[in-house]
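See structure below.
Quick note on labels: first sequence line is chain A, next is B, and so on, each numbered from 1. Every heavy atom of this structure was used, including side-chain atoms; hydrogens, water molecules and symmetry mates were not. Being a predicted model, the structure only gives us computed values, none of them experimental.
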Protein chains: 2
Amino acid sequence: MNQSQNSSLDLPIKTIFILEDEPDIAELIAINLKKSGFKTKEFTNADLFYKQLKKEKPDLLILDLMLPDTDGLEVCKSLRSNSSYSSIPIIMLTAKADEIDKIIGLELGADDYVTKPFSPRELVARVKAVLRREIDLNNQDRVRVADILEIDFAKFEVYVEGKKAELTNTELKLLKLLLHKKGWVYSRGQILDYLDPDDKGVLDRTVDVHIKNLREKLGPAGKLIKNIRGVGYKFEV
Amino acid sequence: MNQSQNSSLDLPIKTIFILEDEPDIAELIAINLKKSGFKTKEFTNADLFYKQLKKEKPDLLILDLMLPDTDGLEVCKSLRSNSSYSSIPIIMLTAKADEIDKIIGLELGADDYVTKPFSPRELVARVKAVLRREIDLNNQDRVRVADILEIDFAKFEVYVEGKKAELTNTELKLLKLLLHKKGWVYSRGQILDYLDPDDKGVLDRTVDVHIKNLREKLGPAGKLIKNIRGVGYKFEV
DNA sequence: AAATTAAATCATGAATCAATCACAAAATTC
DNA sequence: GAATTTTGTGATTGATTCATGATTTAATTT
């Protein structure tokens, strides 16, 4: 049981409810959360979940959108409309990416969304991120990329796995460009043009160096910046 | 109706306008704000909003950046440039990360922003945070920052570690700006615009000097004013 | 496997930007 | 309106960041 990964959070152990009809998936989630020092309780249907909820309030709920008996959205809605449960953070599991758009448009918001198939690592990272936000609400709205990367645009701050990375202005600009269209390959020419539209006489090698420095400062997230030989660079999740 | 969550704020019930074209989202926001004891009015387009604004001034505006008829930025700008509305706090809703740049780059832009998809709980928390900030800055009471800094805006007095610091008017204004959105980076242009909106021909170097003097007079608290190379200054706690 | 090409890395000089200073110009105070 | 305080300017200094060309490493082609 690895408790240390949980060290950035408050000391008391957090309890997480999992409402998911497929036992395999539920257990996969539970095992990984436990490994990170969380307590979990799994429920295969909404009734069992509601029953337990009366006895014990979880710190977070992981909720499958597609339940056999009840719609996950209904569960979310009913929790949100009940003042004693409305403060429980919810992470939704959805099957398809385009379902998210529906959810967004719908009248209830979960705290985060994860699409199936998901990596357990990713889910755990999101759980931690949501709980961290709970604790520190005066912190800015950080845009999260690929689990470990967070950017606070207002503060010009970048965090990798919760730790601050000190980027220069051009490095941050470069990162923004690469993130603008994830997976899209940008040529060195395009990158230089974005970094300084006026200056035309800058060599391509300069980009390499910026990429190198950026990768270095981003640590593990630096690996996500890929080179496409003969073409340019891209950010791949 | 849970009124207690609102207890930290001033007693009179706060009215919040929501300018958002998608009714589902507008209602989602409204429901959750009402649950926290706020009064809300929703508008699906800018015309309706402006019409009501003439009759009634809200305590805060939640503004979607992407409106069908008008650009949300335009609404923000027009409110800011109108002295009778310029003090209304604005929270912006954005869909994409790169839209955030626009908000931040805008002279005296929004007070906060939330990216879609957002959780209603988070938005409510942001609303409360912004309102608390407004109250603080208009309070007779002293505002405490980072343990060592105390500011009495009514008396125009600043104390560092209990000792009074003699700031000039512009220095106090500058400090107030930096503290308004703690951690947010202000460009020299934004700072100059705030210090004297009319005077346009003032050099950037002037800001440096004000910052220097302010840092000096704030003693140990001066270290909290950070420069972001190539961007501007911020107050970091 | 050798040759070829491109990317990563490195050290260094150039350029940029912030901090500071001394002084001039305004604005306040007396 | 003289004196004093505050604000703005331009120059100088110092630090950081950026750009470059050479060199090493890695990937691709023949």
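- The CG-C1' distance, from A:N213 to C:dA8, rounds to 11 Å in whole Å.
- D:dT6 atom P lies 13 Å from atom CD of B:E216, rounded to whole Å.
- The side chain of B:T168 sits closest to D:dT6 out of D:dT6, D:dC18, C:dA8.
- D:dA19 atom P lies 12 Å from atom CG of A:N169, rounded to whole Å.
- No hydrogens or angles considered: nothing links the side chains of B:Q52 and B:Y50 as a donor-acceptor pair under 3.5 Å.
- For A:V202 against A:L192, the heavy-atom pair with the smallest separation is O-CD1, 3.4 Å.
- For the pair A:R205 and C:dA8, the criterion of a side-chain N or O lying under 4.0 Å from OP1 or OP2 is not met.
- Between A:I211 and A:D199, the residue whose closest nucleotide on DNA chain C is further toward the 5' end is A:I211.
- The shortest distance between the side-chain N/O atoms of A:Y233 and the OP1/OP2 oxygens of C:dA8 is below 4.0 Å.
- Listed candidates were C:dA8, D:dC18, C:dA19. Nearest to the side chain of A:T170 is D:dC18.
- With C:dA18, C:dA7, C:dT9 as the candidates, the nucleotide lying closest to the side chain of A:V209 is C:dT9.
- Note: CG (A:N227) to P (C:dA6) measures 12 Å, nearest angstrom.
- Contact between the side-chain N/O atoms of A:R215 and the OP1/OP2 oxygens of C:dT9 is not found at any separation under 4.0 Å.
- Residue B:H210 has no polar side-chain atom (N or O) positioned under 4.0 Å from OP1 or OP2 of D:dT6.
- Under the 3.5 Å distance criterion, with hydrogens and angles disregarded, a donor-acceptor pair is assigned to the side chains of A:R188 and A:Y233.
- The distance between atom CG of B:L214 and atom C1' of C:dT20, rounded to the nearest whole Å, is 16 Å.
- Atom CG of A:L192 is separated from atom P of D:dA19 by 8 Å (rounded to the nearest Å).
- The side chain of B:V202 has D:dT9 as its nearest neighbour among D:dT9, C:dA7, C:dC10.
- Distance B:I225 CD1 to C:dA19 C1': 14 Å, rounded to the nearest Å.
- Residue B:K57 qualifies as enclosed at atom NZ: its count of foreign heavy atoms under 6.0 Å is above 12.
- Salt bridge present: A:K226 and A:E236 bring a charged side-chain N and a carboxylate O closer than 4.0 Å.
- In this structure, B:G201 reaches the sugar-phosphate backbone alone: every heavy-atom distance under 4.0 Å involves primed, P, OP1 or OP2 atoms, never a base.
- Each of D:dA11, C:dT9, D:dG21 was ranked by its minimum atom distance to the side chain of A:L203; first place goes to D:dG21.
- In this entry the distance linking CG of A:L174 with P of D:dA19 reads 11 Å, nearest Å.
- Proximity note for A:T206 (side chain, C-beta onward) versus D:dA19, C:dA18, D:dG21: the nearest is D:dA19.
- A cation-pi geometry, defined here as NZ or CZ lying under 6.0 Å from the six-membered ring centre and within 45° of its normal, holds between B:K173 and B:Y194.
- Annotation: of the two residues near DNA chain D, B:E171 and B:R229, the 5′-most nearest-nucleotide partner is B:E171.
- Using a 4.0 Å heavy-atom distance criterion, A:D208 is classed as a base contact.
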